[in-house]
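Working notes for the structure below.
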Amino acid sequence: MYDFCRLLSLEYDCHINWCMKNNVFLFLLTIFCCIFNIFQSPVICRAVVAGECEICHASYPGMMEPAEPGKPQRYVLQNKICINCHSNSDRDTLKTLGGATVPVVFNAASPKVLLAGGNFHFNAKDFGDRKGHNIDGISSPDAKNKGLPPGYDRRTDPSVIGYNPQKPLACSGSNGCHGDRNIEDPFQSIVGTHHAEDTPVDGSTTAKSYRYLRMTKKVKGVLGIEDPWWDHDRTARKHNEYSVTMNRLCANCHGDYHGKENTGKENPWLRHPTDNVLPKRGEYLFYNPDIMPPPERPDIRVFSTEAPVARENFSEAGDLGESVKPGKDMVMCLSCHFAHGSPYNYSLRWDYDSLYAGEEDRGGCMICHTGKGE
Ligand code: HEC
Ligand code: HEC
Ligand code: HEC
Ligand code: HEC
Ligand code: HEC
């Protein structure tokens with residue numbers, strides 16, 4: 001307990017009641033602090049810290065236990081703890097815990113709505129190997145890839161540790177996507193983040209990186225604009241906004257899928273061009289062909305949540321949301337893939353096989369490859 005309380009510096013002034021819960025005066029003072037803090041900066045107290053500490057810190061024992069009294073904290077169960085809290089036994093992908101809303105990335109039952117990252121549910125089932133990232137604690141290592149990320153290139157991985165194929169893929173840490181990839185331990189690589197100030201999203205700390213996607217301390221984290229409900233009710237107008245730094249993150253482990261030398265015009269292509277602007281010509285002028293732009297904006301196309309594009313920069317934030325501009329907006333890994341898992345092979349956002357068979361002639365690839373104008 002001592003170690004735990006020692007961590008509660010002024011930065012954590014709205015958490016003091018954890019230590020002082022038996023002291024009525026300090027308890028009230030803390031409540032006052034908390035309310036005050038909420039007034040001052042709604043973001044700090046918005047999420048996790050709004051709830052009672054015990055709800056999380058006792059439901060997941062070991063989250064901060066020292067190995068022995070006086071020894072450094074040891075995060076027992078490691079990666080499993082992230083999964084336990086970010087899971088749900090039913091089909092909902094948002095759950096409430098300690099007054100905070102937890103984004104659910106792994107549902108035991110088939111999820112009703114996929115959050116922005118998709119869901120590990122599909123991967124956990126038998127023969128789910130191809131449906132996304134096989135995360136330690138949810139699924140066994142991918143049989144085909146033998147633990148290695150396909151297309152791994154040590155030179156494009158900024159982590160000083162690098163990806164270790166002897167160890168399983170985790171949520172965070174050097175073998176994971178979230179947190180600081182210069183730190184091996186999944187928990188240690190993210191600790192402090194859930195309670196830290198998380199705006200503006202400028203990539204300067206883990207909390208201030210888009211969805212805690214820090215990459216490493218030496219490089220800037222992923223940038224983007226975070227939908228407060230993780231895209232639960234995404235529409236053309238209201239959704240996460242991505243930047244091409246997301247491609248950098250994927251290139252941490254899939255560098256070969258990124259380099260220009262591996263993409264081309266051959267069909268079937270080996271790697272789809274990524275990071276490139278939707279050309280302002282030909283078929284791309286009709287991106288998302290089923291939805292007509294508003295009559296007063298004939299120069300834009302309407303954003304498709306099925307095949308989202310990344311933005312070059314966010315300085316024109318007011319003009320984002322619904323509009324997609326050929327000649328400006330870009331193709332990214334997540335135009336076609338879900339980051340966690342999906343019902344389709346290769347964690348794709350749509351059923352590629354049935355697209356091929358022509359069963360579905362509008363969605364997926366055809367949102368960009370409209371076949372018009374060329
Ligand atoms: C909704 C769940 C939740 C609630 C409620 C919650 N925490 Fe946490 N807390 C976490 C998680 C998850 C972590 C570990 C990951 C992290 O630090 O980002 C954490 C980490 C911490 C840490 C370690 C951070 C560091 O900088 O080393 C402290 C201290 C802490 N919590 C204190 C509190 C206190 C005090 C309260 C009550 C006011 C509280 N927490 C309420 C989820 C919660
Ligand atoms: C006790 C529950 C709990 C545990 C354990 C926990 N989280 Fe979270 N996590 C939360 C809650 C609550 C939020 C929502 C915070 C918010 O609204 O900003 C969250 C948000 C996140 C987000 C999204 C951040 C954003 O910008 O919206 C990521 C990524 C994440 N957690 C990763 C992890 C990882 C990795 C671990 C394990 C090292 C972990 N979490 C452990 C409760 C937990
Ligand atoms: C920390 C390393 C790491 C990062 C970062 C990473 N991946 Fe992966 N990825 C892996 C590993 C390991 C595998 C192979 C094991 C598996 O499929 O679970 C893999 C497999 C894949 C597959 C094939 C899935 C399948 O089931 O065959 C796709 C698609 C993929 N990743 C896309 C992405 C995208 C998109 C991003 C960026 C959002 C990304 N990855 C970021 C490590 C990573
Ligand atoms: C235009 C759509 C599209 C984009 C953009 C895209 N991919 Fe893919 N990706 C696919 C398809 C389709 C497959 C399945 C290919 C196949 O059938 O072999 C695939 C397969 C993969 C695989 C699995 C390869 C294997 O052999 O298991 C990985 C890993 C992957 N993509 C990573 C990425 C990364 C990283 C990016 C961004 C740099 C990216 N993809 C961008 C469509 C795309
Ligand atoms: C987000 C938009 C987008 C999506 C979705 C998309 N593409 Fe593309 N695709 C592009 C762009 C942009 C180019 C590069 C065009 C250029 O620069 O000339 C391209 C190029 C290609 C090429 C190379 C030939 C050429 O015309 O340059 C092939 C083949 C291709 N895409 C197939 C696919 C397939 C198959 C899918 C579905 C798995 C897909 N694309 C999904 C935007 C997209």
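Counting convention: from 1, in listed order, for ligands and their atoms alike. Residue indices begin at 1 and follow the sequence shown.
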May I ask which of [options] has a heavy atom nearer to [atom] than the others do?
atom	options	answer
atom 1 (C) of ligand 1	A100, C56, S172	C56
atom 2 (C) of ligand 2	C82, P228, C85	C85
atom 7 (N) of ligand 5	R349, M332, E306, H369	H369
atom 15 (C) of ligand 5	Y346, Y284, Y287	Y284

Enumerate the atoms of ligand 2 whose separation from the nearest heavy atom of [X] is less than 4.0 angstrom.
X	result
T101	12 (C), 14 (C)
V102	12 (C)
Y212	21 (C), 22 (C), 24 (C), 28 (C), 29 (C), 30 (C), 31 (N)
I81	5 (C)
I190	34 (C), 35 (C), 38 (C)
R211	25 (C), 26 (O), 27 (O), 29 (C)
E226	26 (O)
C171	35 (C)

Could you list the atoms of ligand 5 found under 4.0 angstrom from a heavy atom of S335?
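Result: 1 (C).
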Atom pair [atom1]/[atom2] of [X] and [Y] - distance to nearest 0.5 Å:
X	Y	atom1	atom2	result
H337	H133	NE2	NE2	9.0 Å
F106	C85	CZ	SG	14.0 Å
I138	S87	CD1	OG	6.0 Å

Of all N/O/S atoms in H195, the name of the one nearest atom 8 (Fe) of ligand 1:
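Checking each N, O and S atom of H195, the shortest distance to atom 8 (Fe) of ligand 1 belongs to NE2.
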Salt bridge or not between D233 and K238? Use side-chain N to carboxylate O under 4.0 Å.
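Salt bridge between D233 and K238, a charged N being under 4.0 Å from a carboxylate O: no.
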Between S243 and R311, is there a donor-acceptor pair closer than 3.5 Å when you use the side chain of the first and the backbone of the second?
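Here the side-chain-to-backbone pair does not exist.
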Can you check whether P111's main-chain N or O pairs, donor with acceptor, with H121's side chain at less than 3.5 Å?
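Flag not set: sc H121 to bb P111 has no pair under 3.5 Å.
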Considering just N/O/S atoms, say which atom of H194 is closest to atom 8 (Fe) of ligand 2.
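Atom name of the closest N, O or S in H194: NE2.
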Please test N175 against N164 for side-chain hydrogen bond (donor to acceptor under 3.5 Å, both in side chains), starting from the C-alpha separation and ending with a verdict.
CA-CA 7 Å; N175 262 28; N164 179 355; 5.7 Å; no
Please evaluate residues R211 and N240 with respect to the criterion side-chain hydrogen bond (donor to acceptor under 3.5 Å, both in side chains), reporting the C-alpha separation (whole Å), side-chain torsions for both, the decisive distance (0.1 Å), and the verdict.
CA-CA 11 Å; R211 305 298 182 209; N240 288 320; 3.0 Å; yes
Within the 4.0 Å heavy-atom shell around [X], which atoms of ligand 1 are there?
X	value
T193	16 (C), 17 (O), 18 (O)
L97	1 (C)
F187	14 (C)

Flag the pair H178 / Y212 as yes when their ring centroid distance falls below 6.0 Å, and as no otherwise.
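Not close enough - the centres of the two rings lie 6.0 Å or further apart.
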Which ILVMFWY residues are connected to V160, directly or by a chain of links, through side-chain heavy atoms under 4.5 Å apart?
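Its cluster mates, by chain and number, are I161.
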Which part of [X] is near ligand 5, with near meaning a heavy atom under 4.0 Å away: side chain, backbone, both or neither?
X	result
P273	side chain
H337	neither
Y352	side chain
L348	neither

Flag H86 as yes if one of its N/O/S atoms falls below 2.8 Å of atom 8 (Fe) of ligand 2, otherwise no.
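Checking H86: at least one N, O or S atom is under 2.8 Å.
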Sub-4.0 Å heavy-atom contact, V331 with ligand 5
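The answer is yes: ligand 5 sits under 4.0 Å from a heavy atom of V331.
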Show your reasoning for whether side-chain hydrogen bond (donor to acceptor under 3.5 Å, both in side chains) applies to N123 and N134.
CA-CA 6 Å; N123 233 38; N134 294 27; 2.7 Å; yes
Can you tell me how the ring of H272 sits relative to the ring of H369, calling it parallel under 30°, perpendicular over 60° and tilted otherwise?
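If you compare the ring of H272 with that of H369, the planes turn out perpendicular.
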Do the rings of H239 and F303 sit parallel, tilted or perpendicular, given the 30° and 60° boundaries?
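Plane angle under 30°, so parallel.
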Geometric N/O contact R281 with ligand 5, under 3.5 angstrom:
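Right, the criterion is met.
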Under 3.5 Å between any N/O of H272 and any N/O of ligand 5: does that happen in this structure?
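Between H272 and ligand 5 (N or O atoms, distance only) the closest approach is under 3.5 Å.
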Where do L278 and C368 land on the side chain to side chain contact (heavy atoms under 4.5 Å, CB included) test, with the steps shown first?
CA-CA 8 Å; L278 215 55; C368 293; 4.1 Å; yes
Validation: residues 215-223 side-chain donor-acceptor distances under 3.5 Å, sequence neighbours left out:
{"unit_1": "T216", "atom_1": "OG1", "unit_2": "K218", "atom_2": "N", "d": "3.3"}

So is R349 actually on top of F338's ring, under 6.0 Å and inside 45° of the axis?
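Yes, R349 lies over the aromatic ring of F338.
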Determine, using heavy atoms of W230 and all atoms of ligand 2, whether some pair is separated by less than 4.0 Å.
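Per 4.0 Å heavy-atom rule, W230 contacts ligand 2.
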Between G192 and ligand 1, does any nitrogen or oxygen pair lie at a separation below 3.5 Å?
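So ligand 1 has an N or O lying under 3.5 Å from an N or O of G192.
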